[in-house]
There are 2 protein chains.
Amino acid sequence: MTDPTTSPVERAGPDETALRVVRMARPRWGDPATPAQLPPAAAALIGTGDPGARRGVNIDEIGLADPHVPPAVRAALIDALGAEHVTADRYERIAHTRGYSTPDLLALRNGDASDAPDLVVRPGSHDEVVAVLGICAAHRVAVVPFTGGTSVVGGLAPERAGFAGVVTVDVTRLDALVGVDEISRTATLQAGLRGVRAEELLRERGFILGHFPQSYEGAGLGGYAATRSAGQSSAGYGRFDEMVEGLLLATPRGTIRLGTAPKSAAGPDLRQLVLGSEGAFGIITEVTVRIRPVPAHRVFEGWRFADFGSGAAALRALAQDGPMPTVLRLSDEVETAIGLTDPASAGGDEVTGGCLAIVGYEGHHQEVEARRAAASAVLEDAGGVALGPGPGEAWRTGRFRAPYLRDPLLDAGVLVETLETVTYWSRLAALKTVVTAAITDALNAQGTPPLVMCHISHVYAAGASLYFTVVCPQTDDPLAQWAAAKKASNDAIRAADAAITHHHGVGRDHRDAYHAEIGDLALEALRAVKRTLDPDGVCNPGVLLGSTRCSPPVHPVSTRSDVARPAGG
Amino acid sequence: MTDPTTSPVERAGPDETALRVVRMARPRWGDPATPAQLPPAAAALIGTGDPGARRGVNIDEIGLADPHVPPAVRAALIDALGAEHVTADRYERIAHTRGYSTPDLLALRNGDASDAPDLVVRPGSHDEVVAVLGICAAHRVAVVPFTGGTSVVGGLAPERAGFAGVVTVDVTRLDALVGVDEISRTATLQAGLRGVRAEELLRERGFILGHFPQSYEGAGLGGYAATRSAGQSSAGYGRFDEMVEGLLLATPRGTIRLGTAPKSAAGPDLRQLVLGSEGAFGIITEVTVRIRPVPAHRVFEGWRFADFGSGAAALRALAQDGPMPTVLRLSDEVETAIGLTDPASAGGDEVTGGCLAIVGYEGHHQEVEARRAAASAVLEDAGGVALGPGPGEAWRTGRFRAPYLRDPLLDAGVLVETLETVTYWSRLAALKTVVTAAITDALNAQGTPPLVMCHISHVYAAGASLYFTVVCPQTDDPLAQWAAAKKASNDAIRAADAAITHHHGVGRDHRDAYHAEIGDLALEALRAVKRTLDPDGVCNPGVLLGSTRCSPPVHPVSTRSDVARPAGG
């Protein structure tokens, strides 16, 4: 692990690019020791020129304002945490600037660190997190929670207006496995544990969590919970919100502990109010999660379908009638042809011209083989052709690599970004069509025709998610270029009445669409919760709920009739 | 269905007991046409005398205050709904008084209808429900939502203090199957549909919901949702909160529609905030739920275990490693011996001396038989002895009958009541011990030694519920007698850090324990939601959240340090 007391600059020279420094401070995700190669098929289709044409600025070229947190705040934080856990170090501030979306990468490449926090603090216990929140609330300093820093939706870029500064609370010192209940098959883990380390600690006890988002090598458990993460094995192990049995939340007004029982009828399920709250109510410091024995047997296979529609029907059959594999995903024709994962191993001609599904199973040997036989029969009935383990294993070993491709692509003048949504099965095909068209039209209009690839990344009995990858040449202003495409996509998703995000979260990038999705009255209820737990509005301001400090009073009775909507609203 | 425009008195003579009239107005659950016999084993153990010793008062003996809703409210309601859907009829008011707990039955037997509503209204659409809520809020009239009236936790007994009257909103005219999405396997159903009718309507389309709580013959979908119900087939079909994809909530400030997608990362899951809200935020008028094809094959079997511990271990093995049956429950030694379900068919000597488990499977023929074979191997490995379909079918056919037994038992001077809780597997045995002891001690102290029976009613990977049935002779004041036992049980459950209810809900009976369970800060957050949606506090006041009209302001910053709790709090 990174020694938190050592500045990244002590490990990197001043000629390092800003992004390289950020990567070093957020270990593993985008580790420069793992250079990424653009797959030949993708490079050929894009037809780029100079692979270093758009290299970002060096670390010393970044403009950074002096930290302007009031001295009393810094003193109080040092008093609470110790001086070694409170820093205004330039490189630490840059390393904690924003997340990992393509706009985030582009901004830092441009030397823009205007969202950098003034201070970075590393509390060592739940009580220290509560203390930090109390200090910041008392002085109206905005607080950004930070585990892996892998947000791709602007979840780490708070509003500054009206605040006396911004403090990032890096919880990675909260990295303990608190306990394992082997009888109940639960583990209590601190929120700063990265996913990789959590799995290592659990494996020593014979268990796994089974949560593998694409950000797995960088993200941490607090982030999983705060963003309602879903991993690539969600078909078998569930979404993160389904794994969580208990939560410990630090707020400016104290502590909430949830999860008395796995399930109950004791009122609303408040765990589901905290999950997905993205730091707006406080900071999650601990989670109790379901664990499972380390699987003894694993099979990952490829299946070919003639087209996306028949493949989707096959996935739906498994999701609705079973048996459910551990991993289940389907690339569309374009994504299959490009084969971003590893086209050389992905079945070659067998795959080209159709759609590749990845179907994986983990568990006891006998159980896996029985499930695999039954699922294979369903897939064959639906027109699937078995491709064997080659494509499955290629996907499995490369499955965390796609984010690493973005840097060389951006270096080469290629814009690449992803987005995702989710809807019911009956609307899935239409949603794919309109989102693809919206992105394509928005980028065609800028003279940069894109490749839009899509896969079903997660399946449920009632619906499925669609994950889009967009690749096109950069214009001179790739931030504005992508903003237009993203707006078109958000608008299309809302017009289709699909959810604005399946697993990336809301952050700032999806905020307006999210508010439209849930409606004014529900938003007002969430803001009332925030005002209760965070009356000064310092918790990750601007993210998820927008501004709550200037909102109208909690119950404007006079507007009652104005907000009434018809049943279909 | 009951004609809502006909008073129960037109179908019953004035010599009917109060409870009989209530039963006639809430069809099927406790239908007097289905008289219940006390099983001989139970009767013998109790050793009761005169079966009619404690018969309740006749309907005309009930004291009922004149309805005191302001005339303007009644006029506005008639204007909104039509005169035929607004009534102050004496028998309607009595029929909508409280729910079906033993204290509820005892109170009405005593002639106490002090919780009767002043008016009963039956809106015919979501918009009419919104209108009713607006009228009542404007005039500070309390509103009680009513579907089947089967609450056993005081969920239908609002606080009157500070309100200009009480209106019960009977939603049973909202009884439409709005639509079926066969591709996504969802159905949209209005909240006033009783469970029985919902299954009939779905079956015509080839589907089932699969939700079978013990109140199935009386309860409705709105109640299922508002109380976070769990049915007897929850192992296979899930809890009701897991079935719900979408919700329509009418509040005094308008409408909230939730469920854009089956799952998403778009903020907190607000569906889980409305589920379990027990009318405190408004009235649920519509739900969209998962449906499944009508199962072609069904097997229900009995299994014998030497003791409760080995049986519980077997259930845990299935819940954690699978395969999961559709129904899975385990009676303890006492309940098995008493055989309340049907001792004559429950295996006789084979069962006595051990613990009876009911294991049921529903689905496609081949899938059921494969699952049954695999589950049977697990049960055998755990020491189970197969008893064949006799006990399983006996349980299945009698499974909604237990509530019917209470009236003849109460008539005979026997007190009978149930309660339930849920915890993690590692704490289950200890919880059973302390709750049993608390109830036993409390009733022994009153000179009425009880029989305390228990079964595991619902299983999860991480834990299970415990359902207790208590039988003992009545004292002269059975309401006070049970109140002492219930308080002892609540205290024991809280001291064991288990949930105060698994599927009965909070109502008024569990309210204080619920508040202790979630803590002050979480309670304050829920009250903030209520104040946003129901600023006048008219929605089912006193239930779940307690009084919100006299609460302190939403964010008392000055008390911030007072509410901070340590991590273990």
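Nothing here was measured: the structure is a model prediction, and the numbers come from that model. To find a chain, count down the sequence lines: A is the first, B the second, and so on, and within it residues start at 1.
- Contact of Ser125(A) with chain B is not made at all, since no heavy-atom distance falls under 4.5 Å.
- A heavy-atom distance below 4.5 Å is not found between the side chains of Thr255(A) and Leu521(B).
- Heavy-atom distances place the side chain of Thr251(B), and not its backbone, under 4.5 Å from chain A.
- Gln320(B) places a side-chain N or O within 3.5 Å of a backbone atom of Ile183(A) that can act as its donor or acceptor partner.
- For His502(A), the parts lying under 4.5 angstrom from a heavy atom of chain B are both the backbone and the side chain.
- With a threshold of 4.5 angstrom between heavy atoms, Leu273(B) approaches chain A through its backbone and through its side chain.
- Using a 4.5 Å cut-off between heavy atoms, Arg511(B) makes no contact with chain A at all.
- Only the backbone of Thr227(A) comes within contact range of chain B, judged by heavy atoms closer than 4.5 Å.
- Contacts with chain B were tallied for Tyr460(A), Phe281(A), Tyr424(A), Phe240(A); Tyr424(A) has the most, counting heavy-atom pairs under 4.5 Å.
- In terms of heavy-atom pairs under 4.5 Å with chain B, the best-connected choice from His503(A), Glu245(A), Glu278(A) is Glu245(A).
- Only the side chain of Glu242(B) comes within contact range of chain A, with at least one heavy atom under 4.5 Å from a heavy atom of that chain.
- Side-chain contact between Val529(A) and Val529(B) is present, with at least one heavy-atom pair separated by less than 4.5 Å.
- For chain B, no part of Arg292(A) is nearby; none of its heavy atoms comes within less than 4.5 Å.
- Your options are Arg239(A), Arg316(A), His510(A), and the one with the most heavy-atom pairs under 4.5 Å with chain B is Arg239(A).
- Interface remark: His458(A) contributes no atoms to any contact with chain B (heavy atom separation under 4.5 Å).
- Only the side chain of Leu526(B) comes within contact range of chain A, with at least one heavy atom under 4.5 Å from a heavy atom of that chain.
- Between chain B and the residues Pro293(A), Ala319(A), Gly276(A), the most heavy-atom pairs under 4.5 angstrom are made by Gly276(A).
- Between the OG1 atom in Thr260(B) and the OH atom in Tyr514(A) there is a gap of 10.0 Å [rounded to 0.5 Å].
- Within the 4.5 Å cutoff, the side chain of Thr186(B) has no heavy atoms near those of the Ser426(A) side chain.
- A salt bridge links Asp321(B) with Arg185(A): the distance from a Lys NZ or Arg NE/NH1/NH2 to an Asp or Glu carboxylate oxygen falls below 4.0 Å.
- Atom CD of Glu517(A) and atom OG of Ser264(B) lie 6.0 Å apart (nearest 0.5 Å).
- Contact annotation for Gln366(A): neither backbone nor side-chain heavy atoms come within less than 4.5 Å of a heavy atom of chain B.
- Arg228(B) places a side-chain N or O within 3.5 Å of a backbone atom of Gly267(A) that can act as its donor or acceptor partner.
- For Asp269(A), the parts lying under 4.5 angstrom from a heavy atom of chain B are both the backbone and the side chain.
- To the nearest 0.5 Å, atoms CZ (Arg257(A)) and CG (Asp497(B)) are separated by 9.0 Å.
- Taking chain B as the reference chain and counting heavy-atom pairs below 4.5 Å, the highest number among Thr423(A), Val153(A), Leu249(A) is found for Thr423(A).
- Using a 4.5 Å cut-off between heavy atoms, Ala461(A) contacts chain B through both its backbone and its side chain.
- Pairing each heavy atom of Val506(A) with each of Ala266(B), the nearest pair is CG2-CA, 3.7 Å.
- Atom-to-atom distance recorded for Leu270(A):CG and Gln272(B):CD is 10.5 Å, nearest 0.5 angstrom.
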